[in-house]
Amino acid sequence: MTRILTASVVALSTLTMSGCALLESGTSGVTLNILEEGFTPPTLKLGDVDMGCTFALANGPLVGAARNFYGDPSLMETVMLQSAAVCSDARAIEEELRYIRASREKRSDEAQDARIAQKRLMALSAHRQVMSFERMRAKLEQKYFFKYGTNCPKFKRDFDEMVYLLGSVSGVQAVQSDMGAQQAVGVSLDIPPQVEFAMTCLDNKKWWGAPQALRAALWSIIPGGAEGKDVKGTFETNMAIGEKAGVRLPHVMAAIAAQSADDPVAVRAAIKRFASIENFKVNSDYRLVDSIAEAQMIIISDRMWTQNTGSRTPINSLGKFWDDKAGGAAIDADSFLK
């Protein structure tokens, strides 16, 4: 009955459209399909995270303008908004590192200014991320006649599955960003439990172990979520899947979960594993996703390095730490900078 009513509304809308509106709608549909099927795959093959997020910042409004021509760019907007949040996240971490350095040097005014700037940028990220999630949820619910977080859609396109995954990740990120911004955006805390169920709808191996790794991360975050669950084993299994698939997204989720649990030993282990995979070969079709994962790992490492040494991770040193032992003696952190 729902499908019949929806089809009736669509048919009525089509009949009442002017000739120009019909032409514009058709043109928008073709253009969006070209973007989804033609432009997105080559973009995902890029290894330049900064280029990817800058592209999203520049072209996101242009894609959204398809609504003025009776198109629905929601799925592309999901990807664009998440990519744009990568830019604001990068700026936020710079302010956090500035805050850490100022705090170490007892410069309270500088530290306070950096923290305020960081929270503003985290609020911007939260806004972009929750919009990404909402665009995905609304469009796919309308397209596949299901209720997100309650039952599963029967996908017809890989692109839709990918948007479902990325939009879900955005939802979880939005909650985390908003918490860091003192809930300035007001992102709903109902999102994580919905995402935890939603990830059961995806083929875990097809998507590099990320769906189950995200579930494990949510088990660690949601109060009581880890009860009866093998969180560590789930991460281990899915990091292995990601390594084989050439996309190390599960490693980032393991590190973030460990960070949330205040377990620095587990954080270090995840970073070391990420950086020391033997014969790792990145998946060329999703190089950008793996590059974003690497950027996130560097951020986590930079935070730890700055807290302990005053400067970020040295060049070519991801997976190494200031107090690592070499030949029975601690490594001199200053030696990395020579």
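Please read all numbers here as calculations on a predicted model, not as lab measurements.
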Q.
Checking Asn283 against Asp290 for the side-chain hydrogen bond (donor to acceptor under 3.5 Å, both in side chains) test, could you report, in this order, the C-alpha distance in whole Å, the side-chain angles of both residues, the deciding distance, and whether it holds?
A. CA-CA 8 Å; Asn283 187 324; Asp290 186 75; over 6 Å; no
Q: Go through Leu44 and Asp285 one step at a time and tell me if the side-chain contact (heavy atoms from CB on, under 4.5 Å) criterion holds.
A: CA-CA 6 Å; Leu44 289 171; Asp285 289 333; over 6 Å; no
Q.
For a side-chain contact (heavy atoms from CB on, under 4.5 Å) check, start with the C-alpha distance between Met304 and Trp322, then their side-chain angles and the critical distance, and finish with the verdict.
A. CA-CA 10 Å; Met304 297 174 73; Trp322 58 94; 4.0 Å; yes
Q.
Walk me through whether Glu196 and Leu214 qualify under side-chain contact (heavy atoms from CB on, under 4.5 Å).
A. CA-CA 7 Å; Glu196 196 276 334; Leu214 181 55; over 6 Å; no
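Within the 4.5 Å cutoff, the side chain of Thr78 has no heavy atoms near those of the Glu134 side chain. Residues Leu75 and Arg135 have side chains not in contact (no heavy-atom distance under 4.5 Å, counting atoms from C-beta outward). Within the 4.5 Å cutoff, the side chain of Val169 has heavy atoms near those of the Met253 side chain. A heavy-atom distance below 4.5 Å is found between the side chains of Val175 and Pro192. Met239 has its side chain out of reach of Phe274: every pair of non-hydrogen atoms, C-beta onward, lies at least 4.5 Å apart. Residues Trp208 and Val289 have side chains in contact (heavy-atom distance under 4.5 Å, counting atoms from C-beta outward). Between Met199 and Leu165 the shortest side-chain heavy-atom distance falls below 4.5 Å. Met162 is not listed as a side-chain neighbour of Arg157, based on a closest heavy-atom distance of 4.5 Å or more.
Between the side chains of Glu227 and Trp219, no donor N or O sits under 3.5 Å from an acceptor N or O. Side-chain contact, Ser132 with Gln82: no donor N or O sits under 3.5 Å from an acceptor N or O. Remark: the Gln173 side chain and the Ser125 side chain contain no N/O donor-acceptor pair separated by less than 3.5 Å.
Taking each heavy atom of Phe197 and Thr150 in turn, the nearest pair found is CZ-O, 3.2 Å. Between Asp160 and Leu140, the shortest heavy-atom distance links the atoms O-CD1, 3.9 Å. Nearest heavy-atom pair across Thr234 and Gln212 is CG2-O, 3.8 Å. What you find for Ala123 and Val185 is that their closest heavy atoms are O-CG2, 3.4 Å. Between Ser74 and Lys139, the closest heavy-atom pair is CB-CB, 3.6 Å. Contact between Asp178 and Val187 at its shortest, heavy atoms only, is OD2-N, 2.8 Å.
The pair Arg98-Glu95 meets the salt-bridge criterion, with a side-chain N (NZ, NE, NH1 or NH2) lying under 4.0 Å from an Asp/Glu carboxylate O. Note on Asp263 versus Arg268: no salt bridge recorded, every NZ/NE/NH1/NH2 to OD/OE distance being 4.0 Å or above. Between Arg248 and Glu243, no side-chain nitrogen of the basic residue sits less than 4.0 Å from a carboxylate oxygen of the acidic one, so the salt-bridge criterion is not met. A salt bridge is absent between Glu110 and Arg115; no separation between the charged side-chain nitrogens and carboxylate oxygens falls under 4.0 Å.
Not a single donor-acceptor pair under 3.5 Å links the side chain of Tyr286 to the backbone N or O of Gly246. Put simply, the side chain of Thr237 gets close to the backbone of Gly233: a donor and an acceptor are under 3.5 Å apart. Checking side-chain atoms of Ser88 against main-chain N and O of Leu124 turns up no donor-acceptor pair under 3.5 Å. Of the possible polar contacts, none joining the Arg101 side chain to the Gly310 backbone as a donor-acceptor pair under 3.5 Å is found. Without hydrogens or angle criteria, Ser83 side chain to Cys53 main chain gives no donor-acceptor distance under 3.5 Å. For the pair Ser260 (side chain) and Ile221 (backbone), a donor-acceptor distance under 3.5 Å is absent. Here the side chain of Arg287 pairs no donor or acceptor atom with the backbone of Gly47 at under 3.5 angstrom.
For Tyr164, the ring pair (Phe, Tyr, Trp, His ring centres under 6.0 Å) test picks out Tyr148, Phe155, with sequence neighbours left out. Residues satisfying the side chain to side chain donor-acceptor pair (under 3.5 Å) test with Glu141, not counting sequence neighbours, are none.
A distance of 8.0 Å separates OG of Ser317 from CD1 of Ile315, quoted to the nearest 0.5 Å. With rounding to the nearest 0.5 angstrom, the CD atom of Glu161 is 7.5 Å from the CG atom of Asp203. Remark: Met122 CE to Gln182 CD distance equals 10.5 Å, nearest 0.5 Å. Separation of atoms CG (Asn151) and OG1 (Thr200) is listed at 10.0 Å; rounding is to 0.5 Å. Atom OG of Ser177 is separated from atom CD of Gln129 by 3.5 Å, given to the nearest 0.5 angstrom. Atoms NZ and NZ, from Lys143 and Lys156 in turn, are 7.5 Å apart once rounded to the nearest 0.5 Å.
Atom CZ of Arg120 is surrounded by 12 or fewer heavy atoms from other residues, nucleotides or ligands within 6.0 Å. Environment of CZ in Arg107: crowded, with over 12 heavy atoms of neighbouring residues, nucleotides or ligands closer than 6.0 Å. Asn316 CG: 12 or fewer foreign heavy atoms inside a 6.0 Å radius. Annotation: Lys244, atom NZ; neighbour count of heavy atoms from other residues, nucleotides and ligands within 6.0 Å does not exceed 12. By the neighbour-count criterion of 12 heavy atoms within 6.0 Å, atom NZ of Lys272 is densely surrounded, having more than that number from other residues, nucleotides or ligands. Applying the 6.0 Å contact sphere to NZ of Lys229 captures more than 12 heavy atoms from other residues, nucleotides or ligands.
Applying the salt bridge (charged side-chain N to carboxylate O under 4.0 Å, His left out) test to pairs two or more places apart or on separate chains, none has a residue in residues 46-63. Residue pairs that meet the disulfide (SG to SG under 2.5 Å) test with at least one member in residues 105-142, sequence neighbours left out, do not exist here.
Cluster annotation: Leu81 and Phe159 are assigned to distinct hydrophobic clusters (Ile/Leu/Val/Met/Phe/Trp/Tyr, side-chain heavy-atom contacts under 4.5 Å, transitive). With hydrophobic clusters built from ILVMFWY side chains whose heavy atoms lie under 4.5 angstrom apart, Leu288 shares a cluster with Val86. Met80 and Met131 are not part of a single hydrophobic cluster, where members link through side-chain heavy atoms under 4.5 Å apart.
Between Phe321 and Trp305, the distance from one ring center to the other does not fall under 6.0 angstrom.
Taking a 4.5 Å side-chain heavy-atom cut-off between Ile, Leu, Val, Met, Phe, Trp and Tyr, the cluster of Tyr99 extends to Ile93, Leu97, Ile100, Ile299. Counting Ile, Leu, Val, Met, Phe, Trp and Tyr side chains that sit under 4.5 Å apart, directly or through other members, Ile277 shares a hydrophobic cluster with Phe280, Val282.
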